[in-house]
Structures are given as structure tokens and as C-alpha cells.
Amino acid sequence: MSTSRVPRPRTTSSTPRSKPTPTPASSTSSATTSRGTPATRAARGGLAAPTLRTKTSASRLQPTTPRSNAKSIPSPTNEMPSLPVSPRAISIKEQIALRRAEQAKKASSVKSGSHDNVDEGSAPNSPSPIEEDILGRWSIRDTIDRAKSSGSILLASRDLTRIPSYLFESHLSLTPEPLKESPEEVIESEAPVKQRRIGNTTWYEQVDLTALKVWDNAIVEIQAEISLFGSLKIVDLHKNKLRRLPDSFMDLVHLANLDLSENELEELPDQLASLPNLANLNVSNNKLRTLPLEIKQSSFLRSRSESFFSATIERAKVTLPSLITLNASHNLLTAEAIRLSSLPRNLMDVDLSHNELGKASSLITAVSTLAHIRTLRLVSCTLTDDGFPSRLNPSKSLHHLDLGENDILSEKAVRNALQDTEIEISPSHSHLQGILNITFGKPGPVLEDWEIEAERRARQRKTSTTSESVFSVGSEPRKARSPKPSLQSSVSAKSQRAVASPPPPPVKEAWEIEAEQGLLTEGGRRRARAAAASAAATATAPASGETNVSQISTGISSLSMSSGSGASALIQFYDGPHATLKLPHSQSQPRTHARSFSVIPSSSSTNATDLAVPLPTLPLPAILSQSFAGSIKVLILSSRRMESSFVLPSTGLSVPALPHLEELCLDNCNLASEIPISQESGTTPSTSKDSLFHVIGSLFPTLSTLDLSYNALTTLSGVGPLFIPDTEKKRKGLTTLRLRGNRLTSLEPLEELAGHWKGGAGIAGWRGEDIDLRDNEIGRLPPLLGLLPLDVLLVEGNTFRVPNRRVWEKDGSKGLLKWLADRV
């Protein structure tokens with residue numbers, strides 16, 4: 001049984017009754033629809049509708065509006081019947097579309113209003129009202145004003161017909177002369193104070209204008225007063241409608257980058273060749289018929305005005321002495337129109353593509369023989385066999401010659417012209433080092449570097465006529481390939497070889513050679529190592545007991561460890577162009593069962609050449625016996641852990657070795673602070689121990705980089721003298737020391753080294769670069785380390801707690817060194 005709900009009686013307030021606030025029709029209808037009126041709710045319950053009063057607190061919460069005696073005009077929306085409308089959010093795309101529509105409407109109204117104003121007698125150049133940019137960019141006036149403090153102006157895609165006159169008025173306090181060919185300038189009115197985003201720059205904050213970028217506009221002509229901005233270094237005017245440049249434009253002698261591409265220029269000023277600092281010039285996509293590369297003798301010195309106190313312009317005496325990049329593609333140039341005797345001598349990148357050069361043999365010869373040329377592009381230049389040089393000897397610096405899309409030019413003519421040069425011809429740029437890469441024909445698919453290298457090696461394998469085994473220890477290195485002979489001589493040579501010599505033997509693969517030498521099984525490799533060890537013992541025996549190695553083991557004499565064969569085997573690990581010798585890894589012997597029948601150390605490597613490398617970490621006698629020992633600059637002995645010791649020659653530590661060595665890598669070699677040393681002296685080698693840093697400093701005084709990461713060092717005893725230059729010992733001083741992943745607990749030697757800078761004296765002629773002390777057991781970081789003139793100091797992963805790691809995480813090595821220096 002349901003009971004009717006009785007409304008709760010309301011208490012009467014002591015305040016006077018206020019008039020009810022009228023509600024809109026829409027809100028009333030929505031409220032009625034959703035909940036119903038009080039009368040309706042009372043009728044449902046069978047009771048009379050109570051009289052409701054307006055709360056005084058509700059009226060206080062509403063914002064107070066000033067009352068006016070004027071009668072309120074009913075809005076049109078109130079007269080129409082209200083319907084419940086649910087609000088819908090507008091997406092970002094719709095907002096952008098609405099903004100663009102509003103801007104287009106304003107622009108059309110401004111244009112129509114300007115014509116009306118002209119008819120009424122108003123000035124045609126009246127300032128237009130300032131409008132907000134759709135992209136949120138600064139206005140033109142604000143951009144120019146901000147350039148007073150930044151020195152750079154970017155007014156791209158602004159529909160400008162000329163460089164704004166406000167630039168000259170604001171920066172130079174002058175009004176430029178009116179232009180004849182350019183349309184009337186639309187002057188932007190000055191923004192109100194509330195709308196201006198930047199104030200006036202004080203005189204001591206102003207800088208000279210160095211960069212002017214007004215690309216992608218409709219500029220037809222440039223004011224002659226542009227020459228008064230004498231500090232300009234970058235001018236970007238591409239994608240405009242320029243027809244000519246004023247002669248005073250060439251007074252910008254500090255100009256370094258000039259971009260005039262995608263314009264309508266038919267000629268350039270004569271004084272262009274006298275710009276002394278111009279490095280990059282781009283005049284592509286114009287209508288040029290010649291390039292002004294001749295300097296007039298009367299243009300060396302000239303003033304900007306006739307005043308006695310005006311600045312003097314110093315021009316270049318040779319043609320564009322600083323020009324590096326020249327892009328004159330997509331013009332109307334011919335080979336005869338370019339004066340070859342006045343070519344800039346420091347050019348590195350030249351692009352003359354898409355010009356009808358015609359007979360360009362002299363032009364190609366002159367440009368390709370420049371001393372610093374690296375890239376020459378002649379794409380689609382209507383080159384022919386007659387117009388190409390018959391014999392071309394390009395500069396060694398030339399890396400890329402692009403002859404693509406020259407349908408009349410044949411590949412045979414290119415090869416005959418470059419028969420004395422090693423070349424690589426492909427439809428795309430091959431990026432091979434050390435040879436001349438020629439792009440010829442229609443552009444093909446872009447290949448990756450590894451694909452190009454794989455194709456090159458495949459061609460070399462096909463053209464090779466001799467088999468060279470990688471396991472031959474005493475073989476000489478492969479000689480450089482001689483230049484390709486002429487066509488007739490090559491044909492005659494081939495016919496003579498076909499008659500006189502038999503066909504070359506087939507090239508054997510690695511597994512076939514290993515099978516012949518008995519190295520496919522672990523037992524065969526153990527026997528080979530045992531034979532090599534016995535051969536080494538017989539080589540050091542007296543002459544009376546000397547035996548032949550072939551009598552001990554036939555078939556594996558090439559793998560012997562004698563001084564002669566072992567020395568010649570190291571040449572395969574030498575990188576001549578980089579003067580680097582990198583010996584292979586030698587991991588320590590794994591633990592085997594106690595009943596193992598062989599005591600010969602086994603190796604997981606299946607490469608037979610590794611057997612000819614001595615086991616000690618530093619086999620110095622074997623290295624010194626090489627013909628290239630005097631030119632080694634980098635010696636890499638990483639992960640040579642099988643026998644952590646140094647083998648020295650008979651001279652010991654008294655005579656330095658490897659006079660040009662600059663970098664030594666001994667990382668992950670299980671080296672301790674004291675290293676076992678074995679010295680060849682007579683018939684029996686002598687063994688002793690010495691400090692690692694003392695041995696390295698005595699043997700290699702010219703070291704600048706030492707890597708001892710991931711070893712077992714516990715102390716830095718003897719490292720100090722390595723940093724101090726010594727002219728008598730030809731020591732330059734160590735600049736980079738890497739000691740990551742060791743067991744160091746103290747830095748006393750480095751602290752003593754830093755004491756030289758405590759009084760401000762320091763060590764003359766020395767400055768460090770990098771010291772890596774990460775992942776050690778250092779408990780205290782000496783403050784004196786902050787006095788060392790270092791660029792990088794890495795200390796993460798140690799046990800000290802002061803300073804906190806946030807010191808170097810926030811400010812890097814400079815912040816850590818400063819923190820330490822402040823506590824000295």
C-alpha cells in the first residue's frame with residue numbers, strides 16, 4: 001500500500017520577499033519535461049500545490065548586473081517557440097575551417113573597401129587594420145622589431161611584393177627610394193600598445209642584422225638601400241619573382257650564403273665574382289645564360305657613398321676565393337658562356353645539371369681537375385661522345401661524377417676517357433671509398449651500402465684468376481690492382497695467356513683447405529698445436545740440435561710457430577690505411593674433466609690463422625719482426641686472456657718499441673697491477689714481474705690513449721709519469737685513460753698528479769681529454785682531481801657517497817670538476 005508524499009512546509013524568512021527571477025522559456029520547458037511542475041507533482045499525490053518562495057541566498061549567488069531604466073528589447077530567440085537543443089562540441093578541424101573562412105571573408109572585405117576608399121578620395125596607401133595570423137606568427141612589424149635583438153629576420157610566405165620599408169625605417173632610420181617595377185606596398189598599421197607583443201629594444205641590446213630570409217613571396221625588385229646592411233651573412237630569396245638585382249647588392253662583402261633559386265633572373269651583377277666571403281651560391285631554376293666569373297680591376301676598393309667618412313668596401317682580387325658550393329642547375333647556360341680561366345679554385349661541389357652545355361670537354365676537364373673538387377653533377381646536359389673528353393685525369397679528391405640522363409653519351413666513351421682511373425659505374429651513387437663513383441644512365445633503384453659492397457665483391461671474385469688461401473701463413477699481401485689497359489692490349493694479352501699458360505686452378509673453399517690440413521676435428525687441431533709448439537722449441541734450440549720442422553709433422557709446416565712463419569702471419573691483421581694492428585682474441589682455457597687425456601690448450605676458433613699468433617697478451621718480438629712495425633699507430637689487443645703476460649725482445653725495457661704508437665687497447669685481458677714479463681735472452685728466456693704502467697711507459701713513450709678497461713687492476717702505481725711530457729724520452733703525455741671495470745680502491749697517483757696545479761703552475765703543454773673510472777671500488781674522490789684540465793671525468797658505479805650522483809647528472813663532468821675544485 002503506497003502512501004502519498006506530503007510536501008515539507010518551508011520556514012518563512014524574516015527578510016522581505018524578493019521577486020522571482022524570470023527563467024527563459026527553453027529552461028522552463030526542459031525543466032517541465034524532465035521533472036514536472038510542483039502542481040503536477042502535487043496532483044499526482046492528491047494534495048494541493050503549495051506556494052513556493054524564492055530563496056534569498058539564491059539571489060545572492062547570482063552576479064549583480066546594473067539596472068537601467070531603458071526597456072529591454074525582446075530578442076528574436078525569445079519570440080520563437082523554444083525547443084530542447086543539446087549542445088555539441090566543435091572539433092579542431094571545424095574550428096580551423098571556421099577561422100579560415102573568417103580570414104578569407106575579412107580579406108575580401110578589405111579589398112573591396114580599399115577600392116571604395118580610393119573612389120571617395122582617400123589615400124591608396126592607407127594602413128590596413130592589423131589582423132591576427134592564422135598560423136599564430138608574429139606580425140611583420142613585430143618580426144622586424146625582434147630582429148634588433150636577434151639579428152635574424154624570417155618573413156617567409158607573407159605575400160610580400162618587396163622587402164618591407166619598415167625594415168629600413170626601423171633599423172636604419174631612413175625611407176628607401178620608391179621602386180619602379182614593383183607593385184604598391186600594402187602598409188601594415190602599427191599595432192596598439194595592448195596588442196604589441198614586444199617593446200622597443202634599447203640601444204645597448206641592438207645587434208647588427210646578419211640573416212635575411214624572405215623566401216616564398218612575390219618580390220619583384222629589391223631596394224638599393226639593402227647594401228647599407230653591411231653585416232649580412234645569409235640572404236635567402238628563393239622562390240620569388242626577382243628579375244634583376246641592384247648593383248649595390250654586391251656591396252655586401254660579408255655575405256657567406258646566397259640563395260637566389262627559383263626566380264626569374266636573366267643575369268647577375270658583374271661584381272658577384274668579387275665577393276670575398278661567399279661560400280655557398282645557389283642560382284638554380286632561373287633564366288641565366290652566363291655566369292659572371294671575371295673581376296673588373298676597378299672594383300677592388302669602393303665606398304658606399306661619396307662621403308669622406310663612409311666605410312670602404314674591400315673586394316676580392318681573385319674570383320670568389322671562398323666559394324665551396326655552386327648550384328647553377330636548370331638554367332640556359334652553355335659551355336662556351338663559362339669562362340674557364342676564372343673558375344673559383346676552392347670549389348668542392350658543382351652542379352650544372354639540366355643545362356644544354358653541348359661540347360663541354362674543356363669545361364669537364366677544367367672542373368674535374370680542381371684541387372678540392374669532390375662532386376660534379378652533369379645530369380641531362382645533352383652530352384655526346386664528341387663533347388666528352390677523350391682522355392680525362394681527374395683530381396684524386398673527385399669522389400662522385402654524375403652523368404645520368406645523357407642518352408647520347410655512351411658508356412664506352414666514359415671508360416676510354418677514364419681508363420687510367422679506378423672507377424665504378426652504376427645507375428645510382430655507389431658511395432664506395434677510394435675510387436671514382438660514376439652515375440650513368442637512367443636512375444635505378446637506390447641500393448643500400450651493403451648491397452653495393454656485396455655486388456662489388458661478387459664482381460671481384462668473378463674476375464680473379466689466382467687462388468689465395470687465407471690459411472697460408474707466409475704468403476705476401478695482395479698487391480694493388482693495376483690500371484685497366486687499353487682494349488687492343490688487353491685482347492692481345494688474353495690471347496697470349498690462352499696459348500702459353502694452362503687454365504687457372506679452381507678456387508678452393510675454406511672447409512676444403514681445412515680438410516686437406518686435417519683441421520676439421522678437435523683432435524686434428526690439437527695435433528697441429530702440438531706440432532707448432534714442438535717446432536717453436538726446436539727453433540730456439542742450439543744449432544747442433546737443430547731439426548727440420550717437416551720431419552716432426554708433414555703437411556702442417558705452414559702452421560708452425562717459428563719466428564719466420566709467425567712473423568709473416570701477422571700481416572693479415574694489419575690495416576694499412578689506418579695504421580692499425582688488431583690481433584685476434586685468445587680466450588682462457590675452459591675447465592675440463594680431470595681425466596682429460598691432453599694438456600694442449602684447446603681453442604674454440606676454427607680459423608687456422610689464429611694458430612700462428614703467439615699466445616701471450618703482448619707478443620712484442622713477433623710484432624717487431626714485421627715490415628710495417630715502424631708505422632703502427634693503433635695496437636688493439638682486446639680479450640687476449642689465454643696467457644696474460646708480456647714477451648719482450650732481448651733489449652728489454654731499455655729501448656722503446658713502436659716509435660709511432662699513439663693508442664694501445666688492452667681491455668678485457670685479465671691483467672693485474674704487476675704483469676709477468678718474459679724476455680728473450682740467449683737460449684733460455686728469463687721471467688720476472690714488473691709494474692704494468694712502468695712497462696707500458698718504458699716501451700711506448702709516444703702513447704696518448706691507453707685502454708685498460710675490464711681487467712684486475714688494484715692500484716695505479718706508476719701511472720703519474722705517463723701524463724707528464726718529456727722531450728728527452730719523446731713522451732707527449734697521456735691524454736685519455738680508460739680504467740672502467742677494475743678493482744681500484746685509491747686514486748693517490750692521480751691526486752699527486754693534480755697537485756701540480758694546486759699553486760696555479762700546472763704542467764706546461766699538457767691538457768687531458770678523458771679519464772674513465774667507472775665501475776671500480778673507489779671509496780673517496782679526492783678534491784684535487786677538480787684541478788686537472790680535463791674535458792670528461794666519469795666516476796659512476798663506485799662506492800663513495802660524496803659527492804652525490806646528482807652533481808654530475810645535472811651538470812656533467814664540468815659540474816663535477818667544479819664541485820671538486822671548490823672544496824680544495
Side-chain angles (χ1 to χ4, degrees), residues 155-164 176-177 179-183 185 211-227 229 232-253 255-275 277-296 299 315-316 319-320 323-339 342-344 347 349-357 363 377-381:
L155 294 173
S157 304
R158 300 278 189 145
D159 294 331
L160 300 175
T161 58
R162 65 180 71 187
I163 296 177
E177 296 293 332
L179 300 177
K180 300 178 180 179
E181 300 180 2
S182 179
E185 181 181 8
L212 177 62
K213 302 176 183 179
V214 285
W215 47 270
D216 195 11
N217 285 289
I219 299 176
V220 179
E221 194 176 359
I222 297 178
Q223 295 91 332
E225 290 78 5
I226 191 68
S227 62
F229 292 103
L232 276 177
K233 296 181 180 180
I234 301 174
V235 174
D236 192 348
L237 293 166
H238 80 273
K239 206 172 181 180
N240 278 284
K241 299 180 180 179
L242 288 174
R243 299 171 186 169
R244 65 180 185 87
L245 293 176
D247 295 336
S248 61
F249 189 86
M250 297 301 112
D251 292 347
L252 302 174
V253 292
L255 201 61
N257 297 324
L258 177 59
D259 192 348
L260 299 172
S261 59
E262 299 184 53
N263 280 280
E264 300 177 3
L265 294 172
E266 296 182 358
E267 61 179 1
L268 295 174
D270 296 335
Q271 306 299 334
L272 177 67
S274 61
L275 292 178
N277 298 308
L278 186 61
N280 301 301
L281 176 61
N282 188 355
V283 291
S284 60
N285 292 278
N286 281 282
K287 301 177 182 179
L288 299 175
R289 297 182 179 275
T290 183
L291 292 177
L293 298 178
E294 182 181 1
I295 296 181
K296 293 184 178 181
S299 62
R315 302 186 182 275
T319 303
L320 296 171
L323 189 63
I324 296 176
T325 303
L326 173 61
N327 187 355
S329 59
H330 295 86
N331 279 283
L332 304 177
L333 297 174
T334 58
E336 293 79 6
I338 301 176
R339 184 164 181 172
S342 302
L343 281 176
L347 278 175
D349 191 350
V350 178
D351 190 355
L352 298 174
S353 303
H354 299 278
N355 287 287
E356 296 183 0
L357 297 179
L363 176 63
R377 296 180 178 87
L378 299 171
V379 180
S380 185
C381 291

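On a predicted model such as this, the values are computed, not experimentally measured, just so you know.
The distance from the OG atom of Ser380 to the NE2 atom of His330 is 8.0 Å, given to the nearest 0.5 Å. Between the CD1 atom in Ile219 and the CG atom in Leu179 there is a gap of 10.5 Å [rounded to 0.5 Å]. Taken to the nearest 0.5 Å, the CD1 atom of Ile222 stands 11.5 Å off from the OG atom of Ser227. The distance from the CG atom of Leu252 to the CG atom of Leu275 is 8.0 Å, given to the nearest 0.5 Å. Going from atom CG of Leu260 over to atom CG of Leu245 covers 5.5 Å, rounded to the nearest 0.5 Å. Atom CG in Asn263 sits 7.0 Å away from atom CG in Leu237 (nearest 0.5 Å).
Within a 6.0 Å sphere centred on CD of Glu264, heavy atoms belonging to other residues, nucleotides or ligands number more than 12.
In this structure, Leu288 and Leu268 have side chains that are in contact, with non-hydrogen atoms separated by less than 4.5 Å. In this structure, the side chains of Val379 and His354 come closer than 4.5 Å at one or more pairs of heavy atoms. With a 4.5 Å cut-off on side-chain heavy atoms, Phe249 and Leu255 count as touching. Under the 4.5 Å side-chain criterion, counting only non-hydrogen atoms from C-beta, Leu352 is in contact with Leu363. A heavy-atom distance below 4.5 Å is not found between the side chains of Leu343 and Thr319. Counting heavy atoms from C-beta outward, Glu185 and Pro164 have side chains that approach closer than 4.5 Å. Ile226 has its side chain within reach of Ile163: a pair of non-hydrogen atoms, C-beta onward, lies under 4.5 Å apart. Leu272 places a side-chain heavy atom less than 4.5 Å from the side chain of Leu278.
When atom types are taken as modelled, the side chain of Asn355 and the backbone of Leu357 share no donor-acceptor pair closer than 3.5 angstrom. Remark: side-chain polar atoms of Thr161 are not paired, donor with acceptor, to backbone N or O of Ser182 under 3.5 angstrom. Side chain of Arg315 to main chain of Met250: a donor-acceptor pair is present (N/O by atom type, distance under 3.5 Å, no hydrogens or angles).
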* To do: Would you sort out whether Glu266 and Arg289 count as a side-chain contact (heavy atoms from CB on, under 4.5 Å), showing the intermediate values?
  => CA-CA 7 Å; Glu266 296 182 358; Arg289 297 182 179 275; over 6 Å; no
* **Trace of the side-chain contact (heavy atoms from CB on, under 4.5 Å) decision for Asn282 with His238** => CA-CA 9 Å; Asn282 188 355; His238 80 273; over 6 Å; no
* Asked: Val283 and Leu265: side-chain contact (heavy atoms from CB on, under 4.5 Å), yes or no, with the steps?
  -> CA-CA 9 Å; Val283 291; Leu265 294 172; 5.7 Å; no
* Trace of the side-chain contact (heavy atoms from CB on, under 4.5 Å) decision for Leu323 with Leu281 -> CA-CA 8 Å; Leu323 189 63; Leu281 176 61; 3.9 Å; yes
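For Asp259 and Lys239, the salt-bridge test fails: no basic side-chain N is under 4.0 Å from an acidic carboxylate O. With respect to the salt-bridge test (charged N to carboxylate O, under 4.0 angstrom), the residues Glu221 and Arg244 qualify.
Remark: Arg339 engages Glu294 in a salt bridge (Lys or Arg N to Asp or Glu O under 4.0 Å) (not counting sequence neighbours). Residues passing the salt bridge (Lys or Arg N to Asp or Glu O under 4.0 Å) test with Glu225, sequence neighbours excluded: none.
Listed here is the closest heavy atom pair of Ser284 and Asn286: O-ND2, 3.0 Å. Residue Asn217 comes nearest to Leu160 through the heavy atom pair OD1-N, 3.1 Å, listed as atom of the first residue, atom of the second, then distance. Closest of all the heavy-atom pairs between Cys381 and Ser353 is SG-CA, 3.8 Å. Scanning all heavy atoms of the two residues, the minimum distance from Pro246 to Pro269 falls at O-CG, 4.2 Å. In terms of heavy-atom proximity, Ala224 sits nearest to Ser248 at O-OG, 2.8 Å. For the residue pair Lys287 and Asn331, the shortest heavy atom distance occurs at N-OD1, 3.5 Å.
Using modelled atom types, one finds a donor on one side chain and an acceptor on the other under 3.5 Å when comparing Asp216 with Ser157.
Screening Asn280, Thr325, Asp236, Asn277 for a side-chain hydrogen bond (donor to acceptor under 3.5 Å, both in side chains) with Asn257, the sole residue that qualifies is Asn280.
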